[in-house]
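Lettering of chains follows the sequences in order, A, B, ..., and the numbering in each one begins at 1.
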Amino acid sequence: MTTTAAPRREYIDGATAIVRGAIDAGCTFFAGYPITPASGILMAMMRELPKVGGVAMQGEDEIASIGMCIGAVMGGAKALTATSGPGISLYSENIGLAVMGEVPLVIVDVQRLGPATGGATTVAQGDVQFVRWGTAGGYPMIVLAPSNTPESYELTVKAFELSERFRCPVILLTDKELAMTLSAVDVDAYPDVEPVARTIKDAGLPYSWVPADAVEPMRAYGAGDAFRFTGSTHDEGGYITKLPAKVGALNEHLVAKIEDHRDEIEMVDVDADGPADTVVVSYGVTAGAARAAVRELRAKGTAVTGVVVKSLWPIPETSLSAAFDGAARIVVPELNVGLYRREIERIAADRDVVGVNRIDGKLITVAEIVEAAR
Amino acid sequence: MSTITITPVATFRTDDPYPFCPGCGHGPVLDRVNEAMVKLDLDPAKVVIVSDIGCSGLSDQYFVTSAFHGLHGRSVTYATGIKLANPDLEVVVIMGDGGTGIGGTHLLSAARRNIGVTVIVMNNLNFGMTGGQHSTTTPEGGVTSTTPLGNLEHPLDICATVGVNGAAYVYRGSSFDHDLADRIAEGMRRPGFALLDIWDLCTAYYVRSNKFTRAGMEDSMRSWGLEPGLLYDRQTAEYATAYRRIHADIAGKPTPRPRPIDITHEAALDEPMALVVAGSAGGKIRSAAKIVALGGIRAGLWAAQRDDYPVTVKAGHSVTELWLAPHEMPMAAVVAPDVMAVISADGYAKAGPYLAAMGPDALVLTIPDFADLDTKAQVRVIDPKAAPKRIPKTSLGLVYLSAAIALTEPYPIDALREAAAAGSFAEINLEAVDTGALLAGA
Ligand SMILES: Cc1ncc(C[n+]2csc(CCOP(=O)(O)OP(=O)(O)O)c2C)c(N)n1
Ligand code: SF4
Ligand SMILES: [Mg+2]
């Protein structure tokens, strides 16, 4: 009894959507080290990447995995890596290298419950600040967070786009449930995407920061003449320097190229239905229950706005401030001790900010959010 | 004889003098690296010098080739990535003995993979840059700023380590070797992993603290059992080439695309329905729930399942929460299931909170062992022994879920049969669905 208007659905998990997104974005290199709940991405990449002429490696550890990715990008590849808490901890120093050397690279953090080994098969959102501040120096990071399977696809592609646009690592922050939960997905919900474009210069200096926010096309080994890459404080030629004017210009560039272009990064889903006293701000897996809670509250007659943050960092201040206009109470459900709530408190100024938090490996329920929003 | 004049690159060095201390051995080693590249007539644009961190790590700035200066100890990982992305490049790693310590696992792995890079270790038996601390290669008894009374650690034999683990070319020598440039060139010419452990003098530290000299260095090498010379020379397949060869057959094959499931039935469900099946790991609980979800999708429903199981996937509990819904469902936890199947002791141990939350309209299906479980829901005991054939443990989940579908009818059981028939293990799964339906009717 198939009708013409029949919905077209498949049943897949978020990891599969990430892999498809990466390949559609033009990814040609992957390296990762097995870790639950990110191993699905590693295994799928080992299978799929050689089909598109790419290379997938199981590194000897996470440091090697991200190191190979950075090397491969400078050799001309587009690269993805994926890990979870213990592994993202080991990525730390190399994330800084990718920031400093201006390497486009997409890093998936499939969060599990920490600290340390924590709960390998247990959901959590405890890395939300770690991915922002997890490397020395405190420079801006771009972090995207899907809240369901189609978004896992869409934001993987977006992560590749932003990493090329700003020549920097971009983190896709997901979690055990989003990566491993099977769900029915409308196959028409995936956006059409084009492979992400990259311009490679075949001559000239590898770096430039005039004006400070400008992003120079990258160089790649073997494409054109010789050039230098370095993780040390450097001049435009990639030579180590300590000259304060150069050092300052370089570091201001690393900030400006992202901070001055927040509007190109901000991605927020606002579900508003007229003026509302209460705003529910959520992200990632918790957005599922939050969206349902907003529906339930409205059905009960409560005026409420739902905000799902898809670009966690830089924090989408413009959209959040606009959504908070006229509200008195902000509810922030998250599977951690209230890590993103600190940011919301700052933007919410003197509004009442209420956290709904779980750190016991269980998902926050719709009822818990409804209760906090009343 | 026609003559084509090729002007080989006369030098790969820039005009800048090296930054090293007077008498430091690093400069002469770099001169030999330069000579090797000249001998091989390399194209500077096709050479990448990957430098580690340390005084040795400053090396790349003095060459006109491409350069990658990354993190301490990780140079081999970047070199691996570069070589895998572009196997046509000549990739040369220059690292200190410090780098071989902190990045030991990368050296081992690169040797085992036989990745086609050449590693030059400028081994001065201590950390020069940070102030003469001991390294993994500091000899026993060696005095350094962190071993003032003599080193108690056994020195690492870098060559043996990479040699017994698959390296194609391994050479030990010193910055004074008259044929060093030839050896370096030979290493570069090897398609596989080449390592040259080149001892040299750190005049600022190790030499001063140990009255170490060229003669002393050459003597001690032998007296410590670390023989110089060409130690390993093998013709084994280089990794990047081997990788492309074994994948040649699948290159160009399509990657998976979304494949919509045919909708062939109609469902009678107008509210979301939560099913929970609590059984044992290894009992195909997840696969059973997936088949029930696919049946629902065939009937036009939405579905999602969250699986909970320990990391040891074949032991302990396996609990799956399955939503069937007439509309798209956000990812949410099941608190009070509409239907629950408790089919093993492992599952029973996890079932408590669900059973406690279930109301009188809900239904629990279980095995005779748990006939008196504690819940307000209606409990229906299904005895697997009542089945016409013995039910294998791995089918129990699907049998009970099928019974649940047959009893509560969120969608037609025929849609479930279709889903079972469409996947792998079709025969076994169809039998489980039919058994479930049969037991539900009994
Ligand atoms: C992760 C990390 N830890 C420590 C350092 C500090 N550091 C810089 S150079 C060096 C040791 C260098 O020794 P070696 O590799 O033998 O090179 P040499 O200076 O002797 O040529 C260390 C520990 C660092 N840069 N990075
Ligand atoms: S400290 Fe040692 S290794 Fe560094 S430049 Fe001076 S002599 Fe050479
Ligand atoms: Mg040293």
For [Y], does its backbone N or O pair with a side-chain atom of [X] as donor and acceptor, under 3.5 Å?
X: A:Y221; Y: B:A85; result: no
X: A:R9; Y: B:G300; result: yes
X: B:S66; Y: A:F227; result: yes
X: B:Q61; Y: A:I240; result: yes

Measuring only between side-chain heavy atoms, which start at C-beta, is [X] closer than 4.5 Å to [Y]?
X: A:I63; Y: B:H106; result: yes
X: B:F68; Y: A:T230; result: no
X: B:H69; Y: A:S232; result: yes

Tell me, side chain or backbone of [X] under 4.5 Å from chain B's heavy atoms, or both, or neither?
X: A:A56; answer: both
X: A:L178; answer: both
X: A:V19; answer: neither
X: A:R47; answer: backbone

Under 4.5 Å heavy-atom distance to chain A, tell me which part of [X] shows up: side chain, backbone, both or neither.
X: B:L89; value: side chain
X: B:R259; value: backbone
X: B:K253; value: both
X: B:K83; value: neither
X: B:I53; value: neither
X: B:D60; value: both
X: B:R286; value: neither

Report the option among [options] that has the most heavy-atom pairs separated by less than 4.5 Å from atoms of chain A.
options: B:A333, B:S109, B:A240, B:A332; result: B:S109
options: B:D308, B:I297, B:V47, B:V91; result: B:I297
options: B:R306, B:M329, B:E321, B:R257; result: B:R306
options: B:L71, B:I250, B:V48, B:V334; result: B:L71
options: B:G70, B:P310, B:P258; result: B:P258
options: B:P256, B:A293, B:P44, B:G252; result: B:P256

Relative to chain B, which of [options] shows the most heavy atom pairs under 4.5 Å?
options: A:A120, A:G54, A:A72; result: A:A72
options: A:D225, A:L182, A:L363; result: A:L182
options: A:V55, A:T121, A:D24; result: A:V55
options: A:M57, A:M180, A:K176, A:K362; result: A:M57

With a sphere of 6.0 Å drawn around [atom1] of [X], does it hold more than 12 non-hydrogen atoms of other residues, nucleotides or ligands?
X: B:K350; atom1: NZ; result: no
X: B:D15; atom1: CG; result: no
X: A:Y33; atom1: OH; result: no

Problem - Closest approach of A:Y11 to B:A303 (non-hydrogen atoms, all atoms of both residues) - result: CE1-O, 3.7 Å
Nearest-0.5 Å distance, [atom1] of residue [X] to [atom2] of residue [Y]:
X: A:R8; Y: B:I261; atom1: CZ; atom2: CD1; value: 11.5 Å
X: A:R228; Y: B:S51; atom1: CZ; atom2: OG; value: 7.5 Å
X: B:R74; Y: A:I66; atom1: CZ; atom2: CD1; value: 12.0 Å
X: B:L322; Y: A:S183; atom1: CG; atom2: OG; value: 11.5 Å

Exercise for the section: Show the numbers, then the answer: is there a side chain to side chain contact (heavy atoms under 4.5 Å, CB included) between A:R20 and B:T255? Expected result: CA-CA 8 Å; A:R20 279 189 204 156; B:T255 55; over 6 Å; no
Problem - Donor on one side chain, acceptor on other, B:Y78 and A:N94, under 3.5 Å - result: yes
Exercise for the section: Apply the test side chain to side chain contact (heavy atoms under 4.5 Å, CB included) to residues A:M68 and B:I82: give CA-CA distance (whole Å), side-chain angles for both, the deciding distance (0.1 Å), then the verdict. Expected result: CA-CA 7 Å; A:M68 286 182 206; B:I82 294 167; over 6 Å; no
Practice task
Would you please test B:R113 and A:E60 for side chain to side chain contact (heavy atoms under 4.5 Å, CB included) and show each step?
Solution key: CA-CA 11 Å; B:R113 291 185 186 116; A:E60 55 272 26; 2.8 Å; yes
